[in-house]
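Values below: all heavy atoms of this structure, side chains included; hydrogens, waters and symmetry mates excluded. Counting begins at 1 with the first residue of the sequence.
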Amino acid sequence: MSYELALTLRIILLVLMALSSLFLIFAILKQPGNSDGVSAISGSSNSDTFYGKNKGKRLENQLKKWTMIAGIVLAVASVLFFVITLIATA
């Protein structure tokens with residue numbers, strides 16, 4: 001593998017890792033906690049309709065899915081970066 005190709009691939013992978021890690025931070029911070037808070041103890045709820053009860057779950061499920069995808073992309077890009085670095089220095 002030529003030095004220029006290895007350098008280009010490493011730069012692309014570094015950018016991909018930076019973007020996926022920033023998205024991971026954002027997605028994790030946007031996810032709600034697992035506890036229901038005081039409303040679970042008192043039995044009161046703010047939403048009585050089916051749409052109101054499931055609206056939060058849909059967004060939460062999408063955030064979990066995208067968090068998992070971003071984590072996988074970050075892990076694969078990190079491994080590829082390491083392999084390309086090993087091949088380029090050999």
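Atom-to-atom distance recorded for Arg10:CZ and Leu5:CG is 10.5 Å, nearest 0.5 angstrom. Lys30 contributes atom NZ, which lies 11.5 Å from atom CZ of Phe23 (distance to the nearest 0.5 angstrom). Between atom OG1 of residue Thr85 and atom CG of residue Leu7 there is a gap of 10.0 Å, rounded to the nearest 0.5 Å. Here Thr67 contributes atom OG1 and Ile25 contributes atom CD1; the two are 11.5 Å apart, rounded to the nearest 0.5 Å. Rounding to the nearest 0.5 Å gives a distance of 5.5 Å between CG of Leu63 and CD of Gln31.
Hydrophobic clustering, with ILVMFWY side chains joined whenever heavy atoms are under 4.5 angstrom apart, groups Val76 together with Val83. Clustering ILVMFWY residues whenever any of their side-chain heavy atoms sit less than 4.5 angstrom apart, transitively, puts Met68 in the very cluster that holds Leu24. The hydrophobic cluster containing Val79 does not contain Phe82, counting ILVMFWY residues as joined when their side-chain heavy atoms lie under 4.5 angstrom apart, directly or transitively. Linking Ile, Leu, Val, Met, Phe, Trp and Tyr whenever their side-chain heavy atoms come within less than 4.5 Å puts Leu74 and Ile72 in one cluster.
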Please report, to 0.1 Å, the donor-acceptor pairs under 3.5 Å made by any side chain of residues 12-21, with sequence neighbours excluded.
from	atom 1	to	atom 2	distance (Å)
Ser20	OG	Leu16	O	3.0
Ser20	OG	Met17	O	3.1
Ser21	OG	Met17	O	3.0
Ser21	OG	Ala18	O	2.9

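Taking all atoms of both residues into account, the shortest heavy-atom contact from Thr89 to Leu86 is OG1-O, 3.2 Å.
Side-chain contact between Ile69 and Trp66: present, with at least one pair of heavy atoms (C-beta onward) separated by less than 4.5 Å.
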